[in-house]
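Below is one structure, written out as C-alpha coordinates; the observations come after it.
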Amino acid sequence: MGNLVDLMQKIGVSSGVVRTAMSRLAADGWLERTRIGRNSFYRLTSMGREAFDLASPRIYARGAVEWSGDWVMALLSEGEDRASSRETLLSQGFGALAPNVLVKPDRGEELPTSTPLIMYMRSRSAAGMDTQLAGQAWTLDALQAGYESFIKTYQALYNLLQHDKASSNLIAPETALLIRIMLIHDLRRLVLRDPDLPTEALPRQWSGNVAREMAAEIYNALKDLGEIWLDSNGKNAAGTLPSPSPVFFERFQPL
(Lines give C-alpha, C1' and ligand atoms only; values in the text may rest on other atoms or scores of the structure.)
Protein backbone atom coordinates (compact mmCIF):
# COMPACT_ATOMS: atom_id res chain seq x y z
CA MET A 1 0.00 0.00 0.00
CA GLY A 2 2.88 2.35 0.76
CA ASN A 3 4.17 2.02 -2.82
CA LEU A 4 0.72 2.72 -4.26
CA VAL A 5 0.12 5.74 -2.02
CA ASP A 6 3.54 7.17 -2.87
CA LEU A 7 3.04 6.85 -6.62
CA MET A 8 -0.55 8.04 -6.69
CA GLN A 9 0.21 11.14 -4.61
CA LYS A 10 2.73 12.18 -7.25
CA ILE A 11 -0.03 12.26 -9.86
CA GLY A 12 -2.51 14.09 -7.65
CA VAL A 13 -4.45 11.23 -6.05
CA SER A 14 -4.62 11.54 -2.26
CA SER A 15 -3.80 8.67 0.10
CA GLY A 16 -7.39 8.60 1.38
CA VAL A 17 -8.76 8.10 -2.12
CA VAL A 18 -6.25 5.31 -2.79
CA ARG A 19 -7.07 3.49 0.44
CA THR A 20 -10.81 3.76 -0.17
CA ALA A 21 -10.45 2.49 -3.74
CA MET A 22 -8.35 -0.50 -2.68
CA SER A 23 -10.81 -1.39 0.07
CA ARG A 24 -13.70 -1.30 -2.39
CA LEU A 25 -11.82 -3.43 -4.93
CA ALA A 26 -11.12 -5.98 -2.19
CA ALA A 27 -14.75 -5.94 -1.03
CA ASP A 28 -15.91 -6.50 -4.62
CA GLY A 29 -13.65 -9.52 -5.00
CA TRP A 30 -10.99 -8.10 -7.33
CA LEU A 31 -8.18 -7.95 -4.76
CA GLU A 32 -7.23 -9.80 -1.62
CA ARG A 33 -5.38 -8.15 1.25
CA THR A 34 -2.66 -9.46 3.57
CA ARG A 35 -1.65 -7.57 6.70
CA ILE A 36 1.84 -7.92 8.17
CA GLY A 37 2.19 -5.68 11.20
CA ARG A 38 1.11 -2.21 10.17
CA ASN A 39 1.62 -2.88 6.47
CA SER A 40 -1.05 -3.95 3.98
CA PHE A 41 -0.24 -5.90 0.82
CA TYR A 42 -2.65 -6.53 -2.07
CA ARG A 43 -2.73 -9.08 -4.87
CA LEU A 44 -5.24 -9.91 -7.58
CA THR A 45 -7.78 -12.61 -6.79
CA SER A 46 -8.44 -15.35 -9.35
CA MET A 47 -11.31 -13.22 -10.69
CA GLY A 48 -9.05 -10.18 -10.94
CA ARG A 49 -6.30 -12.20 -12.59
CA GLU A 50 -8.71 -13.59 -15.17
CA ALA A 51 -9.93 -10.09 -16.06
CA PHE A 52 -6.34 -8.84 -16.20
CA ASP A 53 -5.24 -11.69 -18.46
CA LEU A 54 -8.16 -11.11 -20.85
CA ALA A 55 -7.58 -7.36 -21.08
CA SER A 56 -3.77 -7.32 -21.34
CA PRO A 57 -3.42 -8.75 -24.88
CA ARG A 58 -5.81 -6.08 -26.16
CA ILE A 59 -4.12 -3.23 -24.29
CA TYR A 60 -0.57 -4.17 -25.28
CA ALA A 61 -1.28 -5.33 -28.85
CA ARG A 62 0.86 -4.02 -31.67
CA GLY A 63 0.47 -4.61 -35.39
CA ALA A 64 -2.42 -5.40 -37.69
CA VAL A 65 -4.37 -8.62 -37.17
CA GLU A 66 -4.86 -10.82 -40.23
CA TRP A 67 -8.44 -11.18 -41.44
CA SER A 68 -10.01 -13.65 -43.85
CA GLY A 69 -12.58 -11.14 -45.11
CA ASP A 70 -15.49 -13.10 -43.61
CA TRP A 71 -17.99 -11.86 -41.01
CA VAL A 72 -19.82 -13.82 -38.32
CA MET A 73 -23.51 -13.00 -38.15
CA ALA A 74 -25.43 -13.80 -34.95
CA LEU A 75 -29.21 -14.04 -35.18
CA LEU A 76 -31.17 -13.83 -31.93
CA SER A 77 -34.62 -15.38 -31.73
CA GLU A 78 -37.45 -13.76 -29.82
CA GLY A 79 -37.65 -14.58 -26.13
CA GLU A 80 -37.21 -13.19 -22.67
CA ASP A 81 -33.48 -14.04 -22.71
CA ARG A 82 -32.74 -12.10 -25.90
CA ALA A 83 -31.52 -8.99 -24.05
CA SER A 84 -29.07 -11.05 -22.01
CA SER A 85 -27.82 -12.87 -25.11
CA ARG A 86 -27.36 -9.56 -26.88
CA GLU A 87 -25.30 -8.12 -24.02
CA THR A 88 -23.14 -11.24 -23.99
CA LEU A 89 -22.37 -10.85 -27.67
CA LEU A 90 -21.71 -7.12 -27.41
CA SER A 91 -19.20 -7.78 -24.63
CA GLN A 92 -17.50 -10.30 -26.97
CA GLY A 93 -16.87 -7.63 -29.61
CA PHE A 94 -20.01 -7.94 -31.76
CA GLY A 95 -21.67 -4.85 -33.19
CA ALA A 96 -25.43 -4.46 -33.66
CA LEU A 97 -26.95 -4.15 -37.13
CA ALA A 98 -30.48 -4.59 -35.73
CA PRO A 99 -31.99 -5.57 -32.36
CA ASN A 100 -31.67 -9.26 -33.22
CA VAL A 101 -28.78 -9.18 -35.73
CA LEU A 102 -25.18 -8.77 -34.60
CA VAL A 103 -21.90 -9.01 -36.50
CA LYS A 104 -18.16 -9.19 -35.96
CA PRO A 105 -15.10 -9.94 -38.11
CA ASP A 106 -14.41 -13.66 -38.29
CA ARG A 107 -10.94 -14.34 -36.95
CA GLY A 108 -11.50 -18.01 -36.23
CA GLU A 109 -11.91 -17.64 -32.46
CA GLU A 110 -14.34 -19.72 -30.45
CA LEU A 111 -17.84 -18.21 -30.34
CA PRO A 112 -20.05 -17.91 -27.24
CA THR A 113 -22.35 -20.94 -26.81
CA SER A 114 -23.91 -20.11 -23.46
CA THR A 115 -27.44 -19.63 -24.82
CA PRO A 116 -29.54 -21.68 -27.25
CA LEU A 117 -31.11 -18.52 -28.67
CA ILE A 118 -28.20 -17.78 -30.99
CA MET A 119 -27.65 -18.99 -34.53
CA TYR A 120 -24.38 -18.13 -36.24
CA MET A 121 -23.74 -17.70 -39.93
CA ARG A 122 -20.53 -16.84 -41.73
CA SER A 123 -20.73 -14.58 -44.75
CA ARG A 124 -18.81 -12.03 -46.79
CA SER A 125 -19.94 -8.52 -47.62
CA ALA A 126 -20.17 -7.21 -51.17
CA ALA A 127 -16.95 -5.86 -52.63
CA GLY A 128 -15.89 -2.60 -51.02
CA MET A 129 -18.75 -2.64 -48.46
CA ASP A 130 -16.82 -3.67 -45.34
CA THR A 131 -16.42 -0.09 -44.12
CA GLN A 132 -20.11 0.66 -44.62
CA LEU A 133 -21.11 -2.51 -42.77
CA ALA A 134 -18.82 -1.61 -39.86
CA GLY A 135 -20.19 1.94 -39.81
CA GLN A 136 -23.71 0.57 -39.36
CA ALA A 137 -22.74 -1.85 -36.59
CA TRP A 138 -20.46 0.39 -34.52
CA THR A 139 -20.45 4.09 -33.63
CA LEU A 140 -16.81 5.01 -34.05
CA ASP A 141 -16.95 8.83 -33.88
CA ALA A 142 -16.47 9.05 -30.10
CA LEU A 143 -13.67 6.49 -30.22
CA GLN A 144 -11.95 8.41 -33.03
CA ALA A 145 -12.16 11.62 -30.98
CA GLY A 146 -10.68 9.81 -27.99
CA TYR A 147 -7.74 8.57 -30.03
CA GLU A 148 -7.15 12.06 -31.42
CA SER A 149 -7.10 13.48 -27.88
CA PHE A 150 -4.64 10.78 -26.81
CA ILE A 151 -2.32 11.65 -29.71
CA LYS A 152 -2.47 15.34 -28.84
CA THR A 153 -1.65 14.62 -25.18
CA TYR A 154 1.43 12.50 -25.88
CA GLN A 155 2.68 14.02 -29.15
CA ALA A 156 5.39 16.23 -27.60
CA LEU A 157 6.84 13.39 -25.52
CA TYR A 158 6.72 11.05 -28.49
CA ASN A 159 8.51 13.60 -30.68
CA LEU A 160 11.21 14.11 -28.05
CA LEU A 161 11.88 10.40 -27.65
CA GLN A 162 11.88 9.83 -31.41
CA HIS A 163 14.12 12.81 -32.18
CA ASP A 164 16.71 12.01 -29.54
CA LYS A 165 16.86 8.38 -28.42
CA ALA A 166 19.24 9.34 -25.60
CA SER A 167 16.71 11.78 -24.15
CA SER A 168 15.06 8.94 -22.21
CA ASN A 169 18.24 8.75 -20.11
CA LEU A 170 17.45 12.23 -18.79
CA ILE A 171 14.15 11.03 -17.32
CA ALA A 172 14.24 9.87 -13.71
CA PRO A 173 13.12 6.25 -13.12
CA GLU A 174 10.24 7.41 -10.92
CA THR A 175 9.04 9.82 -13.62
CA ALA A 176 9.32 7.09 -16.26
CA LEU A 177 7.13 4.79 -14.18
CA LEU A 178 4.54 7.53 -13.63
CA ILE A 179 4.42 8.21 -17.37
CA ARG A 180 3.94 4.50 -18.01
CA ILE A 181 1.06 4.39 -15.53
CA MET A 182 -0.73 7.37 -17.08
CA LEU A 183 -0.01 6.23 -20.64
CA ILE A 184 -1.62 2.82 -20.09
CA HIS A 185 -4.45 4.32 -18.05
CA ASP A 186 -5.36 6.64 -20.93
CA LEU A 187 -4.84 3.99 -23.61
CA ARG A 188 -6.83 1.18 -21.97
CA ARG A 189 -9.96 3.34 -21.70
CA LEU A 190 -9.91 3.53 -25.49
CA VAL A 191 -8.72 0.12 -26.63
CA LEU A 192 -11.06 -1.81 -24.35
CA ARG A 193 -13.96 -0.06 -26.13
CA ASP A 194 -12.40 -0.64 -29.55
CA PRO A 195 -13.98 -3.47 -31.59
CA ASP A 196 -10.56 -4.16 -33.17
CA LEU A 197 -11.88 -4.01 -36.69
CA PRO A 198 -9.60 -5.12 -39.52
CA THR A 199 -7.96 -2.41 -41.59
CA GLU A 200 -10.29 -3.13 -44.51
CA ALA A 201 -13.33 -2.18 -42.40
CA LEU A 202 -11.97 0.94 -40.72
CA PRO A 203 -12.77 4.48 -41.85
CA ARG A 204 -10.07 6.45 -43.61
CA GLN A 205 -7.70 8.48 -41.41
CA TRP A 206 -8.38 6.17 -38.47
CA SER A 207 -6.40 7.52 -35.51
CA GLY A 208 -6.46 4.31 -33.49
CA ASN A 209 -3.49 2.82 -35.32
CA VAL A 210 -1.45 5.99 -34.83
CA ALA A 211 -2.30 6.15 -31.11
CA ARG A 212 -1.39 2.50 -30.52
CA GLU A 213 1.94 2.87 -32.29
CA MET A 214 2.72 6.06 -30.37
CA ALA A 215 1.91 4.31 -27.08
CA ALA A 216 4.13 1.36 -28.02
CA GLU A 217 7.10 3.58 -28.81
CA ILE A 218 6.78 5.62 -25.60
CA TYR A 219 6.26 2.54 -23.44
CA ASN A 220 9.23 0.68 -24.87
CA ALA A 221 11.47 3.74 -24.51
CA LEU A 222 10.62 4.09 -20.80
CA LYS A 223 9.99 0.46 -19.83
CA ASP A 224 13.42 -0.32 -18.39
CA LEU A 225 13.64 2.97 -16.48
CA GLY A 226 10.33 2.24 -14.76
CA GLU A 227 11.63 -1.19 -13.75
CA ILE A 228 14.63 0.43 -12.06
CA TRP A 229 12.28 2.27 -9.68
CA LEU A 230 10.27 -0.88 -8.97
CA ASP A 231 13.41 -2.94 -8.35
CA SER A 232 14.68 -0.33 -5.88
CA ASN A 233 11.44 0.59 -4.12
CA GLY A 234 8.71 -1.96 -4.78
CA LYS A 235 7.85 -4.25 -1.88
CA ASN A 236 5.56 -7.24 -1.45
CA ALA A 237 4.83 -9.45 1.54
CA ALA A 238 8.00 -11.49 0.88
CA GLY A 239 10.25 -8.45 0.56
CA THR A 240 11.58 -7.25 -2.79
CA LEU A 241 9.47 -7.74 -5.89
CA PRO A 242 10.24 -10.73 -8.13
CA SER A 243 11.47 -10.29 -11.69
CA PRO A 244 8.77 -9.61 -14.31
CA SER A 245 7.13 -12.64 -15.88
CA PRO A 246 8.03 -13.52 -19.52
CA VAL A 247 4.68 -12.06 -20.66
CA PHE A 248 5.91 -8.62 -19.58
CA PHE A 249 8.58 -8.67 -22.29
CA GLU A 250 5.99 -9.44 -24.98
CA ARG A 251 4.13 -6.16 -24.43
CA PHE A 252 3.97 -3.94 -27.51
CA GLN A 253 6.08 -6.30 -29.59
CA PRO A 254 5.17 -6.72 -33.29
CA LEU A 255 2.86 -9.64 -34.00
Side-chain angles (χ1 to χ4, degrees), residues 1-62 84 87-88 90-93 109-110 112 114 146 150 153-154 172-196 212 215-216 218-220 222-253:
M1 177 63 83
N3 290 149
L4 292 172
V5 167
D6 184 29
L7 289 169
M8 292 298 99
Q9 284 183 326
K10 289 177 170 58
I11 52 178
V13 182
S14 70
S15 61
V17 171
V18 174
R19 295 179 190 280
T20 298
M22 297 298 286
S23 294
R24 288 177 177 173
L25 288 170
D28 289 343
W30 297 103
L31 300 174
E32 60 183 6
R33 184 178 71 170
T34 301
R35 289 188 64 89
I36 301 179
R38 299 178 60 185
N39 297 319
S40 295
F41 299 91
Y42 289 85
R43 69 173 66 235
L44 291 169
T45 61
S46 58
M47 182 177 75
R49 172 59 60 184
E50 181 180 6
F52 183 90
D53 290 343
L54 288 172
S56 290
R58 296 183 62 188
I59 296 171
Y60 297 102
R62 185 175 188 179
S84 176
E87 289 303 315
T88 297
L90 291 175
S91 69
Q92 295 285 334
E109 68 268 44
E110 186 174 346
S114 57
F150 179 93
T153 297
Y154 290 96
E174 180 184 73
T175 303
L177 181 59
L178 293 173
I179 293 173
R180 270 175 46 182
I181 291 171
M182 293 307 301
L183 179 80
I184 299 305
H185 173 66
D186 291 338
L187 180 69
R188 69 170 181 82
R189 293 191 295 178
L190 297 168
V191 299
L192 294 182
R193 293 168 26 220
D194 194 322
D196 288 329
R212 285 174 181 263
I218 294 172
Y219 188 91
N220 286 331
L222 302 179
K223 177 174 62 178
D224 293 341
L225 279 173
E227 291 306 294
I228 290 174
W229 190 94
L230 289 171
D231 288 342
S232 301
N233 299 277
K235 302 293 181 184
N236 65 12
T240 56
L241 295 178
S243 300
S245 67
V247 175
F248 172 79
F249 300 98
E250 298 174 3
R251 292 178 176 179
F252 288 124
Q253 297 305 307

Measuring from atom [atom1] of [X] to atom [atom2] of [Y], what distance do you get when rounded to the nearest 0.5 angstrom?
X: Q253; Y: R62; atom1: CD; atom2: CZ; value: 7.0 Å
X: M22; Y: S40; atom1: CE; atom2: OG; value: 9.0 Å
X: L54; Y: I59; atom1: CG; atom2: CD1; value: 10.5 Å
X: E32; Y: S46; atom1: CD; atom2: OG; value: 8.5 Å
X: N233; Y: D6; atom1: CG; atom2: CG; value: 7.5 Å
X: I218; Y: F252; atom1: CD1; atom2: CZ; value: 9.5 Å

Counting only N and O atoms by type, is there a donor-acceptor contact under 3.5 Å from the side chain of [X] to the main-chain atoms of [Y]?
X: S15; Y: V5; value: no
X: R180; Y: L225; value: no
X: T45; Y: W30; value: yes

Original post:
When you check the gap from the basic side-chain N to the acidic O, do R49 and D53 get nearer than 4.0 Å?
Top reply: yes
Any non-hydrogen side-chain atom of [X] less than 4.5 Å from a side-chain atom of [Y]?
X: F41; Y: N3; result: no
X: Y42; Y: L25; result: no
X: K10; Y: I181; result: no
X: T240; Y: D231; result: no

Between [X] and [Y], what is the shortest heavy-atom contact and its length?
X: G226; Y: A176; value: N-CB, 4.0 Å
X: P173; Y: I228; value: CG-CG2, 3.9 Å
X: R58; Y: L192; value: NH2-O, 3.7 Å
X: L183; Y: A215; value: CD2-O, 3.6 Å
X: P242; Y: N236; value: CD-ND2, 3.6 Å
X: S245; Y: F249; value: O-CD1, 3.7 Å

For the [atom1] atom on [X], are there more than 12 heavy atoms of other groups (residues, nucleotides or ligands in this structure) within a distance under 6.0 Å?
X: E50; atom1: CD; value: no
X: R35; atom1: CZ; value: yes
X: R43; atom1: CZ; value: no

**OP:** Evaluate the side chain to side chain contact (heavy atoms under 4.5 Å, CB included) criterion for residues M182 and Y154: first the C-alpha distance (whole Å), next the side-chain angles of each, then the deciding distance (0.1 Å), finally the verdict.
**Re:** CA-CA 10 Å; M182 293 307 301; Y154 290 96; 3.9 Å; yes
Subject >> side chain to side chain contact (heavy atoms under 4.5 Å, CB included) assessment of Y60 paired with L187 >> reply: CA-CA 9 Å; Y60 297 102; L187 180 69; over 6 Å; no
